[in-house]
Engineer: 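This structure is in structure tokens; I'll ask about it shortly.
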Amino acid sequence: MPHVLILGGTTEARRLAEALHPHVRVTSSLAGRVAAPRLPVGEVRIGGFGGAEGMAEWVCEHAVSAVIDATHPFAETISFNAARAAATAHVPLLALRRPGWVPGAGDDWREVASLEEAAEAVRGAGRVFLTTGRMGLAAFAHVDDAHFLVRSVDAPEPPVPPRMEVLLDRGPFTLDGERAVLADHRIDVLVTKDSGGAATSPKLTAAREAGVPVVVVRRPPVPDGVPVATTVEEATEWLNATVT
């Protein structure tokens with residue numbers, strides 16, 4: 001039976017594990033950054049590998065047939081480690097990435113290349129709805145002329161912005177809920193990463209309706225030479241064609 005290592009924690013990773021199990025041995029690897037993660041079916045390991053070398057050793061020791069990188073589009077370090085590990089272990093690698101968001105009529109977007117650029121873009125912006133997760137808050141810690149509403153699954157740790165309110169919540173989010181957040185907190189600008197997908201996209205619709213500008217952090221590129229699937233179905237087809 002083929003053994004597939006899924007690097008995940010995303011909705012797509014869980015759906016892929018469900019699609020493969022029990023016909024394929026599936027091990028899902030989670031980073032362990034969320035206190036109570038949603039666990040997929042099959043085998044689960046939590047925590048890092050110790051870099052690309054550690055991942056390559058794990059892949060060889062556990063006779064992994066293929067690796068599918070279904071991590072968050074902004075999990076850049078693990079994606080590049082996966083590319084190096086797969087090359088070292090001589091196993092095929094696929095990146096599963098949901099399509100990015102595309103602005104539509106009425107959207108007021110400003111695209112930036114990093115969280116640091118986003119922090120500069122919201123200086124003096126009033127009330128900022130920050131939906132980039134708790135791990136990147138250090139980039140905004142020096143911004144003292146804006147008030148931040150930070151939404152995250154777990155409570156953030158310092159360094160954080162000096163003027164900050166925390167909203168603990170986990171998607172998927174509804175359009176009515178996002179409308180209420182923007183109105184109740186009198187949001188002047190929304191900051192988000194281009195995560196793609198439907199689970200967190202209602203905030204973009206709510207911002208368009210309310211005339212709230214959006215600062216969008218562009219996603220990093222997939223490592224060179226790594227094929228990309230945009231759906232679980234495409235990933236399953238790739239696996240069937242690659243691993244016998």
Engineer: Can S65 and M1 be said to form a side-chain contact (heavy atoms from CB on, under 4.5 Å), step by step?
Structural biologist: CA-CA 9 Å; S65 310; M1 177 183 293; over 6 Å; no
Engineer: Which heavy-atom pair separates G47 from S29 by the least distance, and what is that distance?
Structural biologist: O-OG, 4.1 Å
Engineer: Could you tell me the separation between the OG atom of S195 and the CZ atom of R98, rounded to the nearest 0.5 Å?
Structural biologist: 6.5 Å
Engineer: First locate atom CG of N81, then atom CD of E53, and finally report the distance between them rounded to the nearest 0.5 Å.
Structural biologist: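 One gets 7.5 Å once the value is rounded to the nearest 0.5 Å.
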Engineer: May I ask you to decide if V153's main-chain N or O and R170's side chain share a donor-acceptor pair within less than 3.5 Å?
Structural biologist: no
Engineer: Which distance, rounded to the nearest 0.5 Å, do you find between the NE2 of H147 and the CD of E165?
Structural biologist: 5.0 Å
Engineer: Can a salt bridge be assigned to the pair R110 and E117 using a cut-off of 4.0 Å between side-chain N and carboxylate O?
Structural biologist: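 Result for this pair is no, no salt bridge flagged.
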Engineer: Evaluate the side-chain proximity of P213 to V189: yes if any heavy-atom separation is below 4.5 Å, no if none is.
Structural biologist: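 Of all side-chain heavy-atom pairs linking P213 with V189, at least one is under 4.5 Å.
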Engineer: If you draw a 6.0 Å radius around CG in D224, do more than 12 non-hydrogen atoms from other residues or ligands fall strictly inside?
Structural biologist: no
Engineer: Taking all non-hydrogen atoms of both residues into account, name the closest pair between T131 and R151 and its distance.
Structural biologist: CG2-NH2, 4.0 Å
Engineer: Kindly indicate whether the side chain of E233, heavy atoms from C-beta on, has any atom under 4.5 Å from the side chain of R15.
Structural biologist: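 Side-chain contact under 4.5 Å: yes.
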Engineer: Is a donor on one side and an acceptor on the other found under 3.5 Å between the side chain of D194 and the backbone of R218?
Structural biologist: no
Engineer: Examine I187 and V217 and state if one hydrophobic cluster contains both, with Ile, Leu, Val, Met, Phe, Trp and Tyr joined whenever side-chain heavy atoms are less than 4.5 Å apart.
Structural biologist: no
Engineer: Is L168 linked to L137 within one hydrophobic cluster, defined over Ile, Leu, Val, Met, Phe, Trp and Tyr using a side-chain heavy-atom separation of less than 4.5 Å?
Structural biologist: yes
Engineer: Could you point out which residue of V59, V243, T242 forms a side chain to side chain contact (heavy atoms under 4.5 Å, CB included) with V91?
Structural biologist: V59
Engineer: How about V143 and F148: do any of their side-chain heavy atoms sit closer than 4.5 Å?
Structural biologist: yes
Engineer: Please collect all salt bridge (Lys or Arg N to Asp or Glu O under 4.0 Å) contacts where either partner lies in residues 199-211, sequence neighbours excluded, each pair once.
Structural biologist: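 Sorted result for residues 199-211: D107-R208, R179-E209.
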Engineer: How close do A206 and L175 get, counting heavy atoms only, and between which atoms?
Structural biologist: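 Shortest heavy-atom separation between A206 and L175 comes out as N-CD1, 3.8 Å.
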Engineer: Out of curiosity, does L167 fall in the hydrophobic cluster containing M164 (side-chain heavy atoms, cut-off under 4.5 Å, transitive links)?
Structural biologist: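 In one cluster with M164: L167, no.
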Engineer: Examine distances only and state if a side-chain atom of H21 and a backbone atom of A17 form a donor-acceptor pair shorter than 3.5 Å.
Structural biologist: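 No; judged by distance alone, with no hydrogens or angles, the pair does not exist.
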Engineer: Going by the ring pair (Phe, Tyr, Trp, His ring centres under 6.0 Å) test, which pairs reach into residues 86-115, not counting sequence neighbours?
Structural biologist: none
Engineer: Would you sort out whether I68 and W238 count as a side-chain contact (heavy atoms from CB on, under 4.5 Å), showing the intermediate values?
Structural biologist: CA-CA 10 Å; I68 299 182; W238 173 88; 4.1 Å; yes
Engineer: Where is the tightest heavy-atom contact between I6 and A70, given as atom of each residue plus distance?
Structural biologist: CG2-CB, 4.2 Å
Engineer: Check for me, please, whether V226 and F49 land in the same ILVMFWY cluster - side-chain distances under 4.5 Å, paths through other members count.
Structural biologist: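 Yes.
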Engineer: Quick one, V150 and V160 - any side-chain contact, counting heavy atoms below 4.5 Å?
Structural biologist: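 No, side chains not in contact.
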Engineer: Is there side-chain contact between L93 and D69, with heavy atoms separated by less than 4.5 Å?
Structural biologist: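 Yes, side chains in contact.
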Engineer: Which heavy-atom pair separates A235 from L96 by the least distance, and what is that distance?
Structural biologist: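 That closest heavy-atom pairing would be CB-CD1, 4.3 Å.
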Engineer: Show your reasoning for whether side-chain contact (heavy atoms from CB on, under 4.5 Å) applies to V64 and H3.
Structural biologist: CA-CA 5 Å; V64 169; H3 183 193; 3.8 Å; yes
Engineer: What about V26 and L30, same hydrophobic cluster or not, with Ile/Leu/Val/Met/Phe/Trp/Tyr joined at side-chain heavy-atom distances under 4.5 Å?
Structural biologist: no
Engineer: So, taking the atom named CG in L94 and the one named CG in L7, what distance separates them when rounded to the nearest 0.5 Å?
Structural biologist: 11.0 Å
Engineer: Counting C-beta onward and ignoring hydrogens, is there a side-chain heavy-atom pair between F140 and V128 closer than 4.5 Å?
Structural biologist: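 No - every pair of side-chain heavy atoms lies 4.5 Å or more apart.
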Engineer: Are E120 and V112 close enough, and set up right, to give a side-chain contact (heavy atoms from CB on, under 4.5 Å), and what steps lead you there?
Structural biologist: CA-CA 10 Å; E120 293 305 308; V112 296; over 6 Å; no
Engineer: Find out whether T205 and E178 are in side-chain contact, i.e. whether some heavy atom of one side chain is under 4.5 Å from a heavy atom of the other.
Structural biologist: no
Engineer: Counting only N and O atoms by type, is there a donor-acceptor contact under 3.5 Å from the side chain of R45 to the main-chain atoms of T27?
Structural biologist: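 The answer is no, because no donor-acceptor pair under 3.5 Å joins these two groups.
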Engineer: Grab the two heavy atoms, one from R38 and one from R14, that are nearest each other, plus how far apart they are.
Structural biologist: O-CD, 3.5 Å
Engineer: What distance separates K193 NZ from L115 CG, expressed to the nearest 0.5 Å?
Structural biologist: 5.0 Å
Engineer: With a 4.5 Å limit on heavy-atom distance, are the side chains of N240 and E237 in contact?
Structural biologist: no
Engineer: According to ring-ring contact (aromatic ring centres under 6.0 Å, His included), who are the partners of H72, at least two apart in sequence or on a separate chain?
Structural biologist: F74
Engineer: Is the shortest side-chain N to carboxylate O distance from E234 to R97 below 4.0 Å?
Structural biologist: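 Looking at R97 together with E234, the answer is no, because their closest N to O distance does not fall below 4.0 Å.
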